[in-house]
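Below, chains carry the letters A, B, ... as their sequence lines are ordered, and counting in each starts from 1. Excluded from the calculations below are hydrogen atoms, water molecules and symmetry mates; all remaining heavy atoms, backbone and side chain alike, are included.
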Amino acid sequence: MTSKLRFFNTLSRQLEEFEPIDEGKARIYTCGPTVYDFPHIGNYRTFLFEDVLRRALELFGFEVTQVQNLTDVDDRTIQRANENGVSLREFTDRYATAFFEDLATLGVEPAEHYPRATEYVPQMVEIIKRLEAGGHTYRSDGSIYYRISTFASYGKLSGIRPEKNLAGARIDVDDYEKEDARDFVLWKAPKEGEPVWETDLGPGRPGWHIECSAMAMALLGETFDIHCGGVDNIFPHHENEIAQSEGATGCEFARYWLHGEHLVVEGEKMAKRVGNFFTLRDLVEKGFDPLVVRYLLISVPYRQRLNFTFDGLHAAEQAIDRIANTLRRLANTPQCDGVGDLDQATVDEFHKDFRESLGDDLNTARALAALHTLLRRVNTALDEGGICGERRAAVDVAFKEADSVLGIFPRNDAEAGSDAEIDLLIDERKAARANKDFARADEIRDELSAKGIVLEDTPHGTVWHRE
RNA sequence: GGCGACGUGGCCAAGUGGUAAGGCAGGGGCCUGCAAAGCCCUUAUCCCCCGGUUCGAAUCCGGGCGUCGCCUCCA
């Protein structure tokens, strides 16, 4: 069985086989949300790619330690908290809670650690002190800046060379107190209306980039395996993280850098003023099953831009229904002893294709194709006489494997088939059909249909389920 | 000005040298009392265009056209 996992490493711009630092273990850092508003579906596209990553690592036998931070102190959180007239903590708590609710709604497997930036200030101070000792910093107006000219490999992740990249680029003119426009702030001087930490560095608050370096190193060590985020983070955020972390420790920060492409909506960049900006809650309110949203967001490989459309949501809805229908057929069809049986080779082929697809830089489109092929073969076997007990167990294992990574199998909302009132009507309809009283039979079916109950007459009796 | 991505059937999308996965939608059929579900067949001799390399290219090279991203807070 294939057990190779290969990822496209932004650092090398190549596919590389994953080899962890510690045998059998994978330590990964995933940039989390800034908790100043409800995350949008674009945020979740990235978080779901990371969820698939951790689940795939687990399928391939790795013990995963994942850290996903919450940025709860930065320009936006401070500004919004002030606008709302509540404390920073109270304000960010609201959206942290919403974030965790959304993760549960989407069936995201929880990370091992969800550190909040405000709880790691001492660790940030420690790193900045090391950087100061190493001559990587300078102070200006009470703030501390990173002098990127002291970090020779600055730009190795993004390919951006500051000196070659000035003409035409927009430069942050507000930061006039910096020696070089590309330098970035590590520690911000106190300001009216902003929270202040009294530290060895003097009073102030952390810059955004240092937060991730501190949380990552505190929980995963100075060197760890995989660092993820959205493509927009490559520069400057991740570039700066590398400069800070490696500048302080002298050793490699993260070995594999994986970046998720963005999504657009109906071909356009998502923006509130365009009216194509959606949060998960917006879609749930419109009546879409979160599982459908999950399916759509993971159906396109993570390095490919995803065009989120309502047509696409509809297609995902159909695909989810197909899975549910097949599971229901499987449950309602008696086992047979061989006729029209499913070949074990078919199941084996699924496992092979599925793992190869995921191993190939998390190719979820191919993994889904493998699943759909298995679904079709299972249905064909059911049509042709059934599946024997032994093979059925193998199919269960295969489905379980698919679901363990994709997380798109509908939960058996049980009860289907055990409502006394409905059963009574079905019995009556059965009698009517036996008497060829199809008018009455159809009347009963329509009546149930109006209540969202769908009847199916199978060779093994009538079954029902909710729409 | 710098760096980079992409262009495959109506839609989404796999496929990076050997003759076009999968899903959705459409058409036809089987099954059914009729449905539902499912299955089968069907839709790209062709992968933006032009040239080249090769026995052979959607896949490699060159040129062109088009779309887009980053270089500024951003998943």
OP1, OP2 of B/G23 versus side-chain N and O of A/Gln318: anything below 4.0 Å?
-> no

Pairwise P distance, B/C41 and B/C46 [rounded to whole Å] | 23 Å

Side-chain-base donor-acceptor pair under 3.5 Å for A/Asp232 and B/G69 = no

Over how many whole Å does the gap from A/Arg182 atom CZ to B/C71 atom C1' extend?
-> 7 Å

Which nucleotide in the list B/G38, B/A13, B/A36 gets nearest to the side chain of A/Arg322?
-> B/G38

Short side-chain N/O contact to B/A14 OP1/OP2 from A/Asn363, under 4.0 Å = no

B/C12 and B/A25: how far apart are their C1' atoms, nearest whole angstrom?
-> 11 Å

A/Arg76 side chain: which of B/C74, B/G4, B/C34 is closest?
-> B/C74

Phosphate OP1/OP2 of B/C70 contacted by A/Lys269 side-chain N/O (<4.0 Å) | yes

Using the C1' atoms only, state how far B/G7 lies from B/U16, rounded to an integer number of Å.
-> 15 Å

Can you find a side chain N or O atom of A/Arg376 that sits less than 4.0 Å from OP1 or OP2 on B/A37?
-> no

Write down the distance between CZ (A/Phe184) and C1' (B/C71), rounded to a whole number of angstrom.
-> 16 Å

Is any side-chain nitrogen or oxygen of A/Gln304 closer than 4.0 Å to OP1 or OP2 of B/A14?
-> yes

Using the aromatic ring of A/His372 (for Trp, its six-membered ring), decide whether it stacks on the base of B/G23 within the limits of 5.5 Å and 30°.
-> no

Atom CG of A/Leu263 and atom P of B/C74: how far apart are they, to the nearest Å?
-> 17 Å

Given A/Gln66, which of A/Glu109, A/Arg27, A/His113, A/Glu112 fulfils the side chain to side chain contact (heavy atoms under 4.5 Å, CB included) condition?
-> A/Glu112

For A/Asn379 and B/C40, is the shortest distance between a side-chain N/O and OP1 or OP2 below 4.0 Å?
-> no

Passing option when A/Arg329 is tested against A/Val463, A/Asp383, A/Val378, A/Thr458 for side chain to side chain contact (heavy atoms under 4.5 Å, CB included) | A/Asp383

Check the distance between B/A37's P and A/Asp383's CG and give it to me in whole angstrom.
-> 13 Å

Whole-Å distance separating the CG atom of A/Leu455 from the C1' atom of B/U32 | 14 Å

Give me the ring orientation class for A/Phe49 and A/Tyr302: parallel if the planes are under 30° apart, tilted from 30 to 60°, perpendicular past 60°.
-> parallel

Rounded to whole angstrom, note down the C1' distance from B/A14 over to B/U59.
-> 13 Å

Would you classify A/Gly229 as touching base, sugar-phosphate or nothing, given that sugar-phosphate means primed atoms plus P, OP1 and OP2, and contacts are heavy atoms under 4.0 Å?
-> sugar-phosphate

Identify which nucleotide among B/A14, B/A37, B/G33 has an atom closest to any side-chain atom of A/Arg329, counting heavy atoms from C-beta outward.
-> B/A37

Heavy-atom pair with the smallest gap, counting every atom of A/Ile408 and A/Asp403 = N-OD1, 3.0 Å

Interatomic distance where CD belongs to A/Glu447 and C1' belongs to B/A35 [whole Å] = 17 Å

Starting from P on B/A14, measure out to CZ on A/Arg305 and report it in whole angstrom.
-> 13 Å

Using the closest heavy atom to pick a nucleotide of RNA chain B for each, name whichever of A/Gly159 or A/Phe438 lands nearer the 5' end.
-> A/Gly159

Regarding A/Arg76 and the six-membered ring of A/Tyr36, is the cationic atom NZ or CZ under 6.0 Å from the ring centre and inside 45° of its axis?
-> yes

Minimum-distance nucleotide (side-chain atoms of A/Trp208 versus B/C73, B/C34, B/A75) = B/C73

Contact nearer the 5' end of RNA chain B, comparing A/Ala319 with A/Ala441 = A/Ala319

Value in whole Å for how far the C1' atom of B/A75 lies from NE2 of A/His227 = 12 Å

Take atom P in B/G56 and the same atom in B/C70, then report the distance between them in whole Å.
-> 42 Å

Minimum-distance nucleotide to A/His314 side chain [options: B/C24, B/A75, B/C73] = B/C24

Considering only side-chain heavy atoms of A/Thr373, which listed nucleotide, B/A75, B/G22, B/A36, is closest?
-> B/G22

Taking only side-chain nitrogens and oxygens of A/Arg303, does any of them come within less than 4.0 Å of OP1 or OP2 of B/C6?
-> no

Among B/C12, B/G15, B/G33, which is the nearest nucleotide to the side chain of A/Val300?
-> B/C12

Using the C1' atom in both, what is the distance from B/U53 to B/C61, to the nearest Å?
-> 7 Å

Parallel, tilted or perpendicular: which describes the rings of A/His209 and A/Phe184, with under 30° parallel and over 60° perpendicular?
-> perpendicular

So among A/Trp257, A/Tyr154, A/Trp208, which one has a ring-ring contact (aromatic ring centres under 6.0 Å, His included) with A/His238?
-> A/Trp257

Testing B/C71, B/A14, B/G33 for proximity to the side chain of A/Ile160, the answer is B/C71

Heavy atoms under 4.0 Å, any strand shown: does A/His259 hit a base, just sugar-phosphate, or nothing?
-> nothing

When the P atoms of B/C48 and B/A13 are considered, how many whole Å apart are they?
-> 14 Å

Plane angle bin for A/Tyr44 and A/Phe99 - parallel if under 30°, tilted between 30 and 60°, otherwise perpendicular | parallel

Do A/Arg445 and B/A35 have a side chain to base donor-acceptor pair shorter than 3.5 Å?
-> yes

Given the P atoms of B/G52 and B/G17, what is the spacing between them in whole Å?
-> 23 Å

Checking only heavy atoms, does the side chain of A/Asp457 share a donor-acceptor pair with the base of B/C34 at less than 3.5 Å?
-> yes

Checking all strands, does A/Pro301 fall into the base, sugar-phosphate, or nothing category for heavy-atom contacts under 4.0 angstrom?
-> sugar-phosphate

